[in-house]
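Note sheet for the following structure.
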Amino acid sequence: MLGRTAFHTGCCRFQQCCFLSLPPPHPPELHRLHYSASSGSRKLRAGQEAGQINSAQVDRILKANEYSLTLPRGPASHGVLGFHSNMLPSNLPCEDRQSSATCLAGRGGVLFGVFDGHTGPACAHAVSQRLFYYIAVAALPLRTLAELERAVEEERAVTPLLEWHKYPQDLSYPNGGVTSFHSLRNYWQERLETEEEDEEEDDNRTTSALVNAFHRLDYDLSVEAQVHLSLTSPRQVSFPGEGLFLTSPLRVALSGCTACVVHISNGVLHVANLGDSRAVLGVQEADGSWSAINLTNDHNAQNPEELQRILGEHPAEQRTVIRHDRLLGLLLPFRAFGDVRFKWSADMLSRVYETRPDVLSAVSEAVRTMPPHYLTPPYLSTEPEITRHCVGPADKFLVLATDGLWELMHRQTVIQLVGDHLTALQQQRPIIPCEGTTLGDLQRLLLERRGRVLSALEDQNIATHLIRHALGDDGYGAVAPNRLAKMLNLPVDLARRYRDDITITIIHLNEI
């Protein structure tokens with residue numbers, strides 16, 4: 001849909017406009033991990049069974065979903081040299097998603113996003129496929145939208161909006177292409193009917209486009225779910241398999257996801273964040289050391305400003321709106337897509353819970369009852385926090401990751417590992433001894449450099465390198481093979497206690 005895809009007409013994720021997409025080289029499928037079964041004392045058995053996984057199996061698991069791409073130099077790359085990405089599931093199915101694409105129309109730009117789902121993968125799956133189109137439409141000048149509308153009306157080809165570099169992974173699920181296309185078209189038609197062309201500065205236009213796209217997509221997800229409710233009966237929805245569709249509007253709206261999206265255009269970087277995924281900039285100082293610069297804030301109870309925002313919006317519920325650091329005692333992030341049970345009116349939710357047990361039976365048990373103390377909705381926000389940054393020569397890379405990484409590693413450790421790895425991948429410079437350097441000093445320097453090179457050769461993909469260290473860290477900056485093997489060999493029902501799904505995209509901005 002309005003982007004380049006590798007599918008034939010009948011299989012496009014947005015069936016109405018597949019001719020408007022360009023394909024990525026190979027749209028990979030998400031490799032699902034097969035964990036050993038366990039019973040009885042799971043922790044004990046997990047430790048005993050860890051010996052069954054060897055180094056080759058460790059590499060196969062770690063590298064199953066890795067992906068990297070070098071962008072051609074020139075204006076079309078907007079200063080992005082390339083990116084590395086990887087995803088390691090913990091949940092089954094994995095609730096994380098990631099997307100990357102180049103905007104082809106208007107002022108252009110490169111988009112990257114990581115999406116952390118909860119209460120199932122449905123919302124993250126939908127948002128990862130649809131959000132970039134909304135951003136593109138929100139950023140386009142009205143005259144371009146008018147041309148687009150005429151082309152669609154006349155059923156003729158138009159210039160693609162997006163070129164996808166990698167599809168979201170779960171390609172085996174049915175899609176909701178017709179509904180998604182109609183919602184997006186309604187959005188640009190409303191823009192044409194209600195807005196006037198302006199000469200807004202590029203930075204302001206990008207910020208507005210990001211905010212408007214987040215709001216509008218979440219609104220459409222809610223409306224699609226309500227329409228689905230009104231047009232179906234319990235008997236219709238209960239046909240075998242229907243309630244299990246990942247793209248069912250109700251399943252999408254009842255689940256939720258956070259989102260961290262980066263838009264880079266002509267050396268200017270905008271981050272739109274919703275929830276607790278993070279974007280951290282790797283800056284190389286003049287002395288060669290690395291600094292980690294946060295470009296996002298977590299939207300949860302650990303952020304005092306966010307906590308005060310929630311309490312200020314619900315002054316009569318000071319004791320109940322935040323309980324155990326969760327929204328209404330249930331939800332950790334304070335901003336997210338979907339999660340309509342924290343947004344819809346109490347009357348609407350009551351009708352769903354009282355009249356549609358067929359719907360609730362097809363979703364996670366966690367959403368089958370009304371939240372407690374549900375008095376003054378909406379409680380959950382879809383307002384992204386926008387950060388703007390001009391990329392300078394010292395800004396070498398940006399790490400975009402879901403909270404599964406940040407729960408295991410400090411941002412400075414992440415940036416140091418990426419920086420050291422990138423340095424090791426470059427041609428090794430000769431060691432020039434300083435006055436007073438001993439043979440012992442030279443031997444130590446050579447051994448350290450050899451270690452960096454071997455580590456770089458082990459993982460050409462830097463996102464994989466980060467996951468390896470996050471799970472196998474020995475406390476001294478190296479990887480303990482036994483610990484790594486145990487973490488990867490945990491049964492699926494136990495793995496979630498130790499780690500979350502981990503999704504990482506590392507964007508290269510400048511040569512080291």
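Values in this document were obtained by computation on a predicted structure and should not be read as measured data.
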So do [Y] and [X] actually touch side chain to side chain, heavy atoms under 4.5 Å?
X	Y	value
L484	L62	yes
N65	L88	no
T387	T296	no
V271	C260	yes
F334	L307	yes
S99	Q129	no
L221	V127	yes
W406	V414	yes

Can you see which heavy atom on [X] is nearest to which on [Y], and at what distance?
X	Y	result
T258	L274	CB-O, 3.0 Å
L380	P333	CD1-O, 3.7 Å
S85	A463	C-CB, 3.7 Å
D474	A480	CB-CB, 3.9 Å
Q416	W290	NE2-CD1, 3.6 Å
C94	P121	O-CB, 3.4 Å

Indicate the ring-plane relationship of F83 and H165, choosing parallel, tilted or perpendicular according to the 30° and 60° boundaries.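 Tilted, since the angle between the ring planes falls between 30° and 60°.
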In terms of relative ring orientation, are H465 and H421 parallel, tilted or perpendicular, with 30° and 60° separating the classes?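 H465 vs H421 ring planes: parallel.
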Between [X] (side chain only) and [Y] (backbone N and O only), is there a donor and an acceptor less than 3.5 Å apart?
X	Y	value
N461	Y67	yes
H410	Q412	yes
D500	D403	no
S90	R499	yes
S255	C123	yes
H84	I462	yes

Would L509 and I264 count as a side-chain contact (heavy atoms from CB on, under 4.5 Å) here? Give the steps. CA-CA 10 Å; L509 301 173; I264 305 172; 4.0 Å; yes
D501 with R97: basic N within carboxylate O range, under 4.0 Å: no
Any salt bridge between E313 and R309, counting N to O under 4.0 Å? yes
Pair listing, side-chain hydrogen bond (donor to acceptor under 3.5 Å, both in side chains) test, anchored in residues 215-226, at least two apart: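 Residue pairs with at least one partner in residues 215-226: R130-E224, Y134-D220, S183-E224, E190-R216, H215-E383, R216-D220, D218-K343, D218-T382, S222-Q226, S222-W344.
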Which pairs count as side-chain hydrogen bond (donor to acceptor under 3.5 Å, both in side chains) when at least one residue sits in residues 270-284, sequence neighbours excluded?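 Sorted result for residues 270-284: R278-D298.
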Who are the side chain to side chain donor-acceptor pair (under 3.5 Å) partners of Q302, not counting sequence neighbours?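 Counting only residues at least two positions away or on another chain, Q302 forms a side chain to side chain donor-acceptor pair (under 3.5 Å) with D325.
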Taking ring-ring contact (aromatic ring centres under 6.0 Å, His included) as the cut-off, I'd like each qualifying pair that reaches into residues 293-314, sequence neighbours left out, listed once. H314-Y379
Atom pair [atom1]/[atom2] of [X] and [Y] - distance to nearest 0.5 Å:
X	Y	atom1	atom2	value
I322	L311	CD1	CG	6.0 Å
L295	I386	CG	CD1	12.0 Å
I507	F112	CD1	CZ	4.5 Å
N489	N482	CG	CG	12.0 Å
R341	L331	CZ	CG	7.5 Å
R411	S291	CZ	OG	10.5 Å

Should we count CD of Q318 as having more than 12 external heavy atoms under 6.0 Å? yes
Under the criterion side-chain contact (heavy atoms from CB on, under 4.5 Å), I'd like the reasoning laid out for I415 against F397: C-alpha separation, chi angles, the key distance, then a yes or no. CA-CA 9 Å; I415 295 305; F397 55 87; 3.5 Å; yes
Apply side-chain contact (heavy atoms from CB on, under 4.5 Å) to the pair T70 and H508, showing each step before the final yes or no. CA-CA 9 Å; T70 299; H508 296 248; over 6 Å; no
I'd like to check the salt bridge (Lys or Arg N to Asp or Glu O under 4.0 Å) partners of E407; sequence neighbours left out, ordered by chain and number.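 Here no residue qualifies.
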What verdict does the side-chain hydrogen bond (donor to acceptor under 3.5 Å, both in side chains) test give for T402 and D116, after you've listed the backbone C-alpha separation in whole Å, the side-chain angles of each residue and the deciding distance to 0.1 Å? CA-CA 6 Å; T402 55; D116 187 354; 5.0 Å; no
Sequence neighbours excluded, which residues qualify as ring pair (Phe, Tyr, Trp, His ring centres under 6.0 Å) partners of H389?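 Counting only residues at least two positions away or on another chain, H389 forms no ring pair (Phe, Tyr, Trp, His ring centres under 6.0 Å).
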Assess the side chains of N297 and E385: does a donor N or O sit below 3.5 Å from an acceptor N or O?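 E385 and N297 do have a side-chain donor-acceptor pair below 3.5 Å.
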Does any donor atom in the side chain of T464 or E66 lie under 3.5 Å from an acceptor atom in the other side chain? yes
Carefully, step by step, assess I502 and D96 under the rule side-chain contact (heavy atoms from CB on, under 4.5 Å). CA-CA 7 Å; I502 300 174; D96 278 9; 5.6 Å; no
